[in-house]
Each structure stands twice: as structure tokens, then as C-alpha cells.
Amino acid sequence: MIVNESLRLYPPVIHLIRETEKEVRLEELNVPANVQLRVSNLAFHHDPEFWGQDAQLFKPERFSEGVAKATNNNMVAFIPFGMGPRTCVGMNFAIIEAKIALSMILQRYSFTLSPGYMHSPINGLAVSPQHGVQVILHSL
Ligand code: HEM
């Protein structure tokens, strides 16, 4: 739940890139050939229409009954790893790695956010905390 909610609010990749091979019609939009389209998963992830008026809040319990329930079966509402034939090949690896790292830390420590932490996510190669994440570890 925590991993999913983090990926929703702060997807490391904020848009999916596609390029038209030939002219295509997207509803009322005519897109010529050879145009690069950037589809903002970040916008979908923050859309109150999909997530409610509290879309900006960190609420891991949204995912308590799984992704399908959280998104109301809307496939584009939550796509941190993209979708379709070019979906991320590292998705399972990345999720398992995050869970293993978190559980290794939580077996040994509890932690709180340092008062010095400044919330400032920034998009570079991937979204990351601009000033790092300072935490205070408490040995268990
Ligand atoms: C939290 C971690 C990660 C996130 C959020 C992420 C996200 C993404 C996204 C959004 C795409 C584009 C999908 C699309 O265009 O539909 C992508 C593609 C890709 N990712 Fe990841 N990724 C992550 C970790 C990894 C890891 C660990 C690997 C490799 C071990 C990996 C390998 C790839 C590859 C090879 C592609 C290109 C797939 C293709 O074009 O066929 N990713 N990823």
C-alpha cells in the first residue's frame, strides 16, 4: 500500500513517450505523423476525478483492497510503470527490491522524519527528493 501510494504521488517516470508513425485521430485531435506525444501519468495519478478531492494526500489505505479497487478498474488511473506492449520490464524486480529493502530496515529500526526535511520532489532523470530525505533512526 505504501509503495503504491508513493508511486502514485511521486512516480519516478512522470510521462510515457509515444511517437506517431502515421496521422492518427485522438478523439477531436488530429495528430500528424512523426509527432512525439508525452502522456502524463503524473496528471492521471493526481486527478481528483479518479482519486477524489483528497487526491493530493498521502493515503496508503486507498490500496487496501488492491489496485483494481483503488482505481475503480480504470486502467490509466495508476500507471507508474507504463502500460501496453512497452510496459516496464523491471516492474516486478523494482517492487520486490523496494519491499525487501524496507523490511530489512524495519526489522532493525523505526524511523521518523527529521525536522530538517524539506518536501521538494523534483523531476530530473527521475523524480527524486531535491534536498534528500533526512530521517532519524531508532534502533529496535
Ligand atoms: C520504481 C522503479 C521503476 C519505475 C517507476 C519504472 C518505470 C518505467 C516506465 C514508466 C517505463 C515506460 C513504459 C511505457 O512507455 O509504457 C519503463 C520502461 C522500462 N523499464 Fe522501468 N521502471 C522502474 C524500474 C526499472 C528497473 C529496475 C528496470 C530494469 C531492471 C527497468 C527497465 C525498464 C526497461 C528495459 C524499459 C523499456 C521497456 C520497453 O520499451 O519495452 N525499469 N519503466
Side-chain angles (χ1 to χ4, degrees):
M1 287 167 13
I2 286 169
V3 173
N4 279 343
E5 184 66 341
S6 304
L7 287 168
R8 182 184 73 83
L9 282 175
Y10 310 107
V13 179
I14 61 167
H15 48 225
L16 312 178
I17 302 173
R18 297 292 185 267
E19 199 170 307
T20 54
E21 280 181 353
K22 52 182 180 130
E23 186 177 327
V24 285
R25 192 168 172 82
L26 295 176
E27 297 209 337
E28 70 272 22
L29 203 66
N30 264 332
V31 188
N34 305 315
V35 168
Q36 200 181 78
L37 301 167
R38 292 183 177 228
V39 182
S40 175
N41 52 338
L42 182 71
F44 299 151
H45 289 190
H46 289 246
D47 193 334
E49 211 174 290
F50 300 145
W51 298 99
Q53 287 312 312
D54 61 358
Q56 304 300 331
L57 297 183
F58 184 79
K59 282 178 64 182
E61 62 271 24
R62 294 177 203 278
F63 290 96
S64 61
E65 291 177 67
V67 171
K69 198 77 188 274
T71 56
N72 210 4
N73 285 314
N74 186 330
M75 277 177 66
V76 299
F78 181 66
I79 46 172
F81 294 99
M83 70 183 290
R86 307 314 295 251
T87 198
C88 177
V89 294
M91 176 174 80
N92 289 334
F93 173 81
I95 290 178
I96 289 169
E97 188 183 40
K99 286 181 178 172
I100 291 174
L102 253 183
S103 58
M104 286 175 78
I105 296 169
L106 292 173
Q107 277 168 27
R108 294 164 182 79
Y109 304 99
S110 67
F111 59 88
T112 48
L113 215 45
S114 159
Y117 170 72
M118 233 195 307
H119 190 64
S120 179
I122 187 170
N123 186 40
L125 193 58
V127 170
S128 61
Q130 187 177 6
H131 307 292
V133 179
Q134 295 77 32
V135 293
I136 301 169
L137 294 169
H138 308 274
S139 224
L140 292 177

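Start at 1 and go down the list; that is how both ligands and their atoms are numbered. Computed from a predicted model, the values in this text were never measured in an experiment.
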**Request:** Quick one: pull up CG in N74 and CD1 in I79 and give me the separation to the nearest 0.5 Å.
**Result:** 9.5 Å

**Message:** Assess the residue pair F58 and S6 against the criterion (side chain to side chain contact (heavy atoms under 4.5 Å, CB included)); give the C-alpha distance rounded to whole Å, side-chain angles, the decisive distance to 0.1 Å, and a yes or no.
**Reply:** CA-CA 8 Å; F58 184 79; S6 304; 3.7 Å; yes

**Contacting atoms of ligand 1, where contact means under 4.0 angstrom from a heavy atom of G82** = 10 (C), 13 (C), 14 (C), 16 (O)

**Request:** Tell me which protein heavy atom sits closest to atom 8 (C) of ligand 1, plus the residue, atom name and distance to 0.1 Å.
**Result:** C88 CB, 3.6 Å

**Complete:** protein heavy-atom neighbour closest to atom 27 (C) of ligand 1 works out as F93 CD2, 3.7 Å

**Message:** Return the closest protein heavy atom for atom 1 (C) of ligand 1 as residue, atom name and distance.
**Reply:** F81 CE2, 3.9 Å

**Request:** If the plane angle is over 60° it's perpendicular, under 30° parallel, otherwise tilted; pick one for F63 and W51.
**Result:** tilted

**Asked** Do the side chains of L113 and V133 get nearer than 4.5 Å, heavy atoms only?
**Response** yes

**Message:** Please report the interatomic distance CG(L57) to CD(E5), rounded to the nearest 0.5 Å.
**Reply:** 8.5 Å

**Message:** If you define the side chain from C-beta out and look only at heavy atoms, does anything of H15 sit under 4.5 Å from V39?
**Reply:** no

**atom 37 (C) of ligand 1 touched by protein heavy atom at under 4.0 Å** = no

**Complete:** Residue, atom and distance of the protein heavy atom nearest atom 15 (O) of ligand 1 read R18 NH1, 2.8 Å

**Message:** Taking only non-hydrogen atoms of P12, do any sit less than 4.0 angstrom from ligand 1?
**Reply:** yes

**Item:** Interatomic distance, L16 atom CG to L37 atom CG [nearest 0.5 angstrom]
**Value:** 11.0 Å

**Message:** So for ligand 1, is L16 a polar contact partner (N or O within less than 3.5 Å, distance only)?
**Reply:** no

**Item:** Nearest heavy atoms of L7 and H45, plus distance in Å
**Value:** O-ND1, 3.4 Å

**Message:** With the threshold set at under 4.0 angstrom, would you say P80 reaches ligand 1 through any of its heavy atoms?
**Reply:** yes

**Prompt:** Quick one: nearest non-hydrogen protein atom to atom 34 (C) of ligand 1, plus distance?
**Reply:** V89 CG2, 3.5 Å

**Asked** Is there a nitrogen or oxygen of R86 sitting under 3.5 Å from a nitrogen or oxygen of ligand 1?
**Response** yes

**Request:** Determine whether the side chain, the backbone, both or neither of M83 has a heavy atom under 4.0 Å from any heavy atom of ligand 1.
**Result:** backbone

**Item:** atom 29 (C) of ligand 1: nearest protein contact (heavy atom, Å)
**Value:** G90 CA, 4.0 Å

**Request:** Would you check, one step at a time, whether the test side chain to side chain contact (heavy atoms under 4.5 Å, CB included) holds for V67 with R8?
**Result:** CA-CA 11 Å; V67 171; R8 182 184 73 83; over 6 Å; no

